[in-house]
S.K.: 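Okay, here's the structure, questions in a sec.
Computed from a prediction, not measured in an experiment: that's the story for all the values here. Numbers here are sequence positions counted from 1. Below, all heavy atoms of this structure are taken into account, side chains as well, without hydrogens, waters or symmetry copies. Both ligands and their constituent atoms are indexed starting at 1 by order of listing.
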Amino acid sequence: MKNSDYGPWGVVAGGSDGVGAAFARAMAARGINLVLVARRVPVLKETAEAIRAEHGVEVRSLALDLSEPDALAELARATADVEVGLFVHNAGSDDSAAAFLDRERADHLRLVRRNCVGVLEAAHHFGALMVARGHGGMVFVTSGAAWAGGATRATYGATKAFGLVLAESLWAEWRGAGVDVLALVLGRTDTPSLRRLLPDQSAAPAGLADPAEVAEEALTHLGDGPTWIHGSPDPAGGSPLGALSRRDAVIAMSPR
Ligand SMILES: NC(=O)c1ccc[n+]([C@@H]2O[C@H](COP(=O)([O-])OP(=O)(O)OC[C@H]3O[C@@H](n4cnc5c(N)ncnc54)[C@H](OP(=O)(O)O)[C@@H]3O)[C@@H](O)[C@H]2O)c1
């Protein structure tokens, strides 16, 4: 990855901890200035300060809830005076796994707003600028939950499938326009959001991916889209459930 292809500024939507903070560090290490978006101001400021100190790049922090309807307008305002050559949409996890009807409708709609509407709006805004310039990159962080439906993950999985298909489609449209798009498919990764879901938050179970390795690998393979499956023996290959019928895949994705 050359900074001239993807700089001089990058935006990480959900950039204060976990995979997003790892992306921010890996981008800063490549000399890219950053706009980091997240809700919790202390965590955001701490990450921004640490990255400034570690890498000497400019870092703006933008406290914003990406599930709010005016999020893109605020993000566009905060980046109007800089050239954004790399956009990473990371924020996307679900904070609980529950049956569809056991969750409030408003809760489902917040996930859709952040993971579908917000992703689309940002892709349209930054994509138009990148295509006009003839260079840039976008990473959409998605999940193995996108491969098939499954009980207790209806809305989360559906939003992740939206991100996957949107990213792959934009890759196909912009591949001749100098803009690289990558759908990054993650399995379980050791982040604060994942740990909050564990009964024992102090000890990570074995086999979790390391956010720093995830981000490093994704940036290295940003030009190898449309899809990169972290941790797969064939990261550019097909769905690991591809050999199953849709019915068996959905049963495999559902808790027993
Ligand atoms: N961790 C895993 O095991 C795993 C597995 C598969 C896929 N993924 C995918 O990887 C991505 C990152 O996951 P993650 O575990 O690091 O957790 P995450 O909760 O998706 O991301 C955490 C970051 O996003 C910010 N954020 C969350 N909701 C936000 C909102 N509404 N508005 C603004 N910022 C928001 C958080 O800061 P604030 O909380 O302060 O806002 C933090 O900076 C997600 O897209 C997820 O679907 C993760």
S.K.: At less than 4.0 angstrom from any non-hydrogen atom of Leu194, what atoms of ligand 1 do you find?
M.R.: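 Near Leu194, meaning under 4.0 Å from one of its heavy atoms, ligand 1 has 1 (N), 3 (O).
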S.K.: What residue and atom, counting heavy atoms only, is the protein's closest point to atom 18 (P) of ligand 1, and at what distance?
M.R.: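 Protein heavy atom with the smallest distance to atom 18 (P) of ligand 1: Ser93 OG, 3.3 Å.
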S.K.: Of the choices Pro211, Ala22, Ala21, Ala38, which has the non-hydrogen atom that lies closest to atom 34 (N) of ligand 1?
M.R.: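 Heavy atom nearest to atom 34 (N) of ligand 1 belongs to Ala38.
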S.K.: Looking at every non-hydrogen atom in both residues, tell me the closest pair between Leu170 and Ala123 and how far apart they are.
M.R.: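 Residues Leu170 and Ala123, closest heavy atoms: CD1-CB, 3.9 Å.
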S.K.: Could you work out, for atom 15 (O) of ligand 1, the closest of Thr191, Asn115, Leu184 by heavy-atom distance?
M.R.: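 Result: the heavy atom closest to atom 15 (O) of ligand 1 is in Thr191.
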S.K.: Evaluate the side-chain proximity of Leu186 to Val214: yes if any heavy-atom separation is below 4.5 Å, no if none is.
M.R.: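 Side-chain contact under 4.5 Å: yes.
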S.K.: Please list, in number order, the atoms of ligand 1 under 4.0 Å from a heavy atom of Arg188.
M.R.: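 This gives 3 (O) as the contact atoms.
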S.K.: Do me a favour and list the nearest non-hydrogen protein atom to atom 17 (O) of ligand 1 with residue, atom name and distance?
M.R.: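 Going by distance alone, atom 17 (O) of ligand 1 is nearest to Ser193 OG, 3.0 Å.
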S.K.: I need the atoms of ligand 1 closer than 4.0 Å to a non-hydrogen atom of Val19, numbered in the order shown.
M.R.: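 Ligand 1 atoms under the 4.0 Å threshold to Val19: 16 (O).
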S.K.: Considering non-hydrogen atoms of the protein only, which is the closest contact for atom 32 (N) of ligand 1, and what is the distance?
M.R.: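 So the nearest neighbour among protein heavy atoms is Leu66 N, 2.8 Å.
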S.K.: Run the contact test for Asp65 against ligand 1 with a 4.0 Å cut-off on heavy atoms, strictly below, and give the result.
M.R.: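 Within the 4.0 Å threshold, so yes.
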S.K.: May I ask whether Trp9 and Val12 are part of the same hydrophobic cluster, defined by side-chain heavy atoms of I, L, V, M, F, W, Y residues being less than 4.5 angstrom apart, directly or through others?
M.R.: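 Trp9 and Val12: separate clusters.
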S.K.: Among protein heavy atoms, which sits nearest to atom 26 (N) of ligand 1, and what does the distance come to when rounded to 0.1 Å?
M.R.: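 For atom 26 (N) of ligand 1, the nearest protein heavy atom comes out as Ala91 CB, 3.6 Å.
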S.K.: Within the 4.0 Å heavy-atom shell around Lys160, which atoms of ligand 1 are there?
M.R.: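 Close to Lys160: 44 (C), 45 (O), 46 (C), 47 (O).
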S.K.: With a 4.0 Å cut-off on heavy atoms, does Gly20 reach ligand 1?
M.R.: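 No, Gly20 has no heavy atom closer than 4.0 Å to ligand 1.
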S.K.: Which residue holds the protein heavy atom closest to atom 45 (O) of ligand 1, what is that atom called, and what is the gap in Å?
M.R.: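 Minimum-distance protein heavy atom for atom 45 (O) of ligand 1 reads Asn90 O, 2.6 Å.
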S.K.: Atoms of ligand 1 less than 4.0 Å from Gly187 heavy atoms?
M.R.: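 Near Gly187, the atoms of ligand 1 are 3 (O), 4 (C), 5 (C), 6 (C).
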S.K.: Is Arg110 in contact with ligand 1, taking contact as a heavy-atom separation below 4.0 Å?
M.R.: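 Heavy atoms of Arg110 never come under 4.0 Å of ligand 1.
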S.K.: Report the nearest protein non-hydrogen atom to atom 29 (C) of ligand 1: residue, atom name, distance rounded to 0.1 Å.
M.R.: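 Checked against all protein heavy atoms, atom 29 (C) of ligand 1 sits closest to Arg39 NE, 3.4 Å.
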S.K.: Would you indicate whether the side-chain heavy atoms of Leu219 and Tyr6 approach each other to under 4.5 Å?
M.R.: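 With C-beta onward as the side chain, the pair stays apart.
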S.K.: Considering the heavy atoms of Ser143, write down every atom of ligand 1 situated less than 4.0 Å from one of them.
M.R.: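 Under 4.0 Å from Ser143, ligand 1 has these atoms: 6 (C), 7 (C).
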S.K.: Quick one, Phe100 and His108 - any side-chain contact, counting heavy atoms below 4.5 Å?
M.R.: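 With C-beta onward as the side chain, the pair touches.
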S.K.: Is it the case that over 12 heavy atoms from other parts of the model lie below 6.0 angstrom from the CD atom of Glu217?
M.R.: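 Atom CD in Glu217 is packed in, count exceeds 12.
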S.K.: If hydrophobic clusters are built from ILVMFWY residues whose side chains come within less than 4.5 Å, do Val179 and Val119 share one?
M.R.: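 Yes, because Val179 and Val119 connect within a single hydrophobic cluster, where side-chain heavy atoms sit under 4.5 Å apart.
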S.K.: I'd like to check Val11 versus Leu86 (side-chain heavy atoms, cut-off strictly below 4.5 Å). Are they in contact?
M.R.: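 A side-chain contact under 4.5 Å is absent here.
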S.K.: Would you kindly say whether Ser232 and Asp234 are connected by a side-chain donor-acceptor distance under 3.5 Å?
M.R.: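 Asp234 and Ser232 do not have a side-chain donor-acceptor pair below 3.5 Å.
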S.K.: Does Leu36 come within less than 4.0 angstrom of ligand 1, counting non-hydrogen atoms of the residue?
M.R.: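 Contact check Leu36 vs ligand 1: negative.
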S.K.: Is there side-chain contact between Leu36 and Leu44, with at least one heavy-atom pair below 4.5 Å?
M.R.: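 Yes, side chains in contact.
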S.K.: So do the side chains of Phe23 and Pro211 get within less than 4.5 Å of each other, counting heavy atoms only?
M.R.: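 In short, these two side chains do not touch, never coming nearer than 4.5 Å.
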S.K.: Give the numbers and elements of all ligand 1 atoms closer than 4.0 Å to a heavy atom of Gly14.
M.R.: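 So the answer, numbered in order with elements, is 23 (C), 24 (O), 25 (C), 43 (O).
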S.K.: Identify, by atom number and element, the atoms of ligand 1 in contact range of Leu186, meaning under 4.0 Å from any of its heavy atoms.
M.R.: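 So the answer, numbered in order with elements, is 6 (C), 7 (C), 10 (O).
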S.K.: Return the residue, atom name and 0.1 Å-rounded distance of the protein heavy atom closest to atom 22 (C) of ligand 1.
M.R.: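 For this ligand atom, the closest protein heavy atom is Asp17 OD1, 3.3 Å.
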S.K.: What residue and heavy atom of the protein are closest to atom 10 (O) of ligand 1, and at what distance?
M.R.: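 Of the protein heavy atoms, Val141 CG1, 3.3 Å lies nearest.
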S.K.: When you compare the side chain of Thr189 with that of Leu194, does any pair of heavy atoms fall below 4.5 Å?
M.R.: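 No, side chains not in contact.
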S.K.: Tell me the contacting part of Thr142 for ligand 1: side chain, backbone, both, or neither, using a 4.0 Å heavy-atom threshold, strictly below.
M.R.: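 Contact part for Thr142 vs ligand 1: backbone (N, CA, C, O).
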S.K.: Can you hop from Leu164 to Ile229 via hydrophobic side chains spaced under 4.5 Å?
M.R.: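 Leu164 clusters together with Ile229.
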S.K.: Hey, does Met130 have a side-chain heavy atom less than 4.5 Å from the side chain of Phe87?
M.R.: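 SC-SC contact between Phe87 and Met130 confirmed.
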